Amino acid sequence: MSLPKDLLLRAYRQMKTIREFEERLHVEIQTGEIPGFTHLYSGQEAVAVGVCENLSDQDWIASTHRGHGHCIAKGCDVQGMMLEIYGRRDGLCKGKGGSMHIADMTKGMLGANAIVGGGPPIAVGAGIACKIAKRGNVAVAFGGDGSANQGTVFEAMNLAVVLRAPVIFVFENNGYSEHTGASYAVGSGDIAGRARGFGMAAETCDGSDFFAVYDTMAKLLKSVRTGGGPAALEAKTTRFFGHFEGDPMLYRAKDEVARHREQMDCLRIFRDRVSKEGWLQLAELDAIDDQVMALIDKSVTTSRAATPPSASDLLTDVYVSY
Ligand SMILES: Cc1ncc(C[n+]2csc(CCOP(=O)(O)OP(=O)(O)O)c2C)c(N)n1
Ligand SMILES: [Mg+2]
């Protein structure tokens, strides 16, 4: 059965916004105007959106170094994000965080995180807070296949089970941790199986298919929101760019990305499905494409012309005031 039409339209808009945000950054980074290190999320959009369409502003997420998609899917302001990535004063974090430290507490976005495996312990803390508050809210930790090998993640999964914390560990298995293949580096290859070993429910799904991610997440959430303890989701996906911007990708077959863009493009898969089922008209999606292109274009133009923080801003926001 189809999901409500407004949800389908919003999901497409979110995935398209992430895609264009990243494809445009890929171009703009080459101008040298964007400071710092950037990891692009293109190819993985259905995971962030399929997960976050099940969440509200009162649910929390902890993101990764590849965090733009998670931010957009959780509702962060696109213009504010672009300003932040350009290091501008009006950015979401006043231009002091950049790509790998975007956060927005008002949207339940606890932050991108440069530490691989750094998000899950934070999400467990947020999950414990949700459990104490008893409002049925949850915390989600995003992580990659590489993060599934980190001790911090094992400790977080164990603690979440022991304390029955409402946390979902989402593992985006994009096949690589930097330049190392998951087929080599993840023992047994079964990340969901590892999570099960800690005593939680865990599912695997096709991360290129919004509907598969959305439905699997919804199924897991039913129990997590009602006191059933944590769960895990392993989504099989791919990234269309290198590990970081500038990565020559010598570890991937020459035609691999082209093949994946052809076969694993979540936007194309979504468009095919909703038009075949008669749920949406392609013209409706084309209109969204145009609006998204205009939004990204404006966000880049505005960011390029915006002011960076001044020297006097340097020592503010060092500590949070309670
Ligand atoms: C604790 C820690 N170790 C190593 C690194 C360097 N590093 C940054 S990203 C990355 C790969 C992470 O792979 P994965 O979890 O699969 O995420 P992906 O990059 O594929 O999204 C590594 C090893 C780091 N940032 N933090
Ligand atoms: Mg990976």
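Hydrogens, waters and symmetry mates are skipped; everything else that's a heavy atom, side chains included, is used. For the single chain, residues carry numbers from 1 onward in sequence order. Just so you know, ligand 1 is whichever comes first in the structure, and atom 1 is the first atom listed for that ligand. Please read these numbers as outputs of a predicted model, since none were measured by experiment.
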Q. Given the rule in the side chain to side chain donor-acceptor pair (under 3.5 Å) test, do His39 and Ser99 qualify, once you have shown the distances and angles that lead to the verdict?
A. CA-CA 8 Å; His39 308 81; Ser99 167; 5.5 Å; no
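- No hydrogens or angles considered: nothing links the side chains of Gln58 and Asn137 as a donor-acceptor pair under 3.5 Å.
- The distance between the ring centers of His70 and Tyr41 falls below 6.0 angstrom.
- Residues Leu295 and Lys16 form no side-chain contact, since every pair of their non-hydrogen atoms from C-beta on lies 4.5 Å or further apart.
- Checked against a 6.0 Å centroid threshold, the rings of Phe211 and Phe270 count as neighbours.
- His179 has its ring centre less than 6.0 Å from the ring centre of Tyr251.
- No donor-acceptor pair under 3.5 Å is formed between the side chain of Glu22 and the backbone N or O of Leu40.
- Closer than 4.0 angstrom to ligand 1 lie heavy atoms from His65, Arg66, Ala114, Ile115, Val116, Gly144, Asp145, Gly146, Ser147, Gln150, Asn174, Tyr176, Ser177, Glu178, His243.
- Atom CD of Gln30 is surrounded by more than 12 heavy atoms from other residues, nucleotides or ligands within 6.0 Å.
- Panel detail: the Mg ion (ligand 2) has protein N, O or S atoms under 2.8 Å away, 3 in number.
- In summary, of the residues considered (Arg271, Arg13, Arg19), a salt bridge (Lys or Arg N to Asp or Glu O under 4.0 Å) with Asp289 occurs for Arg271 alone.
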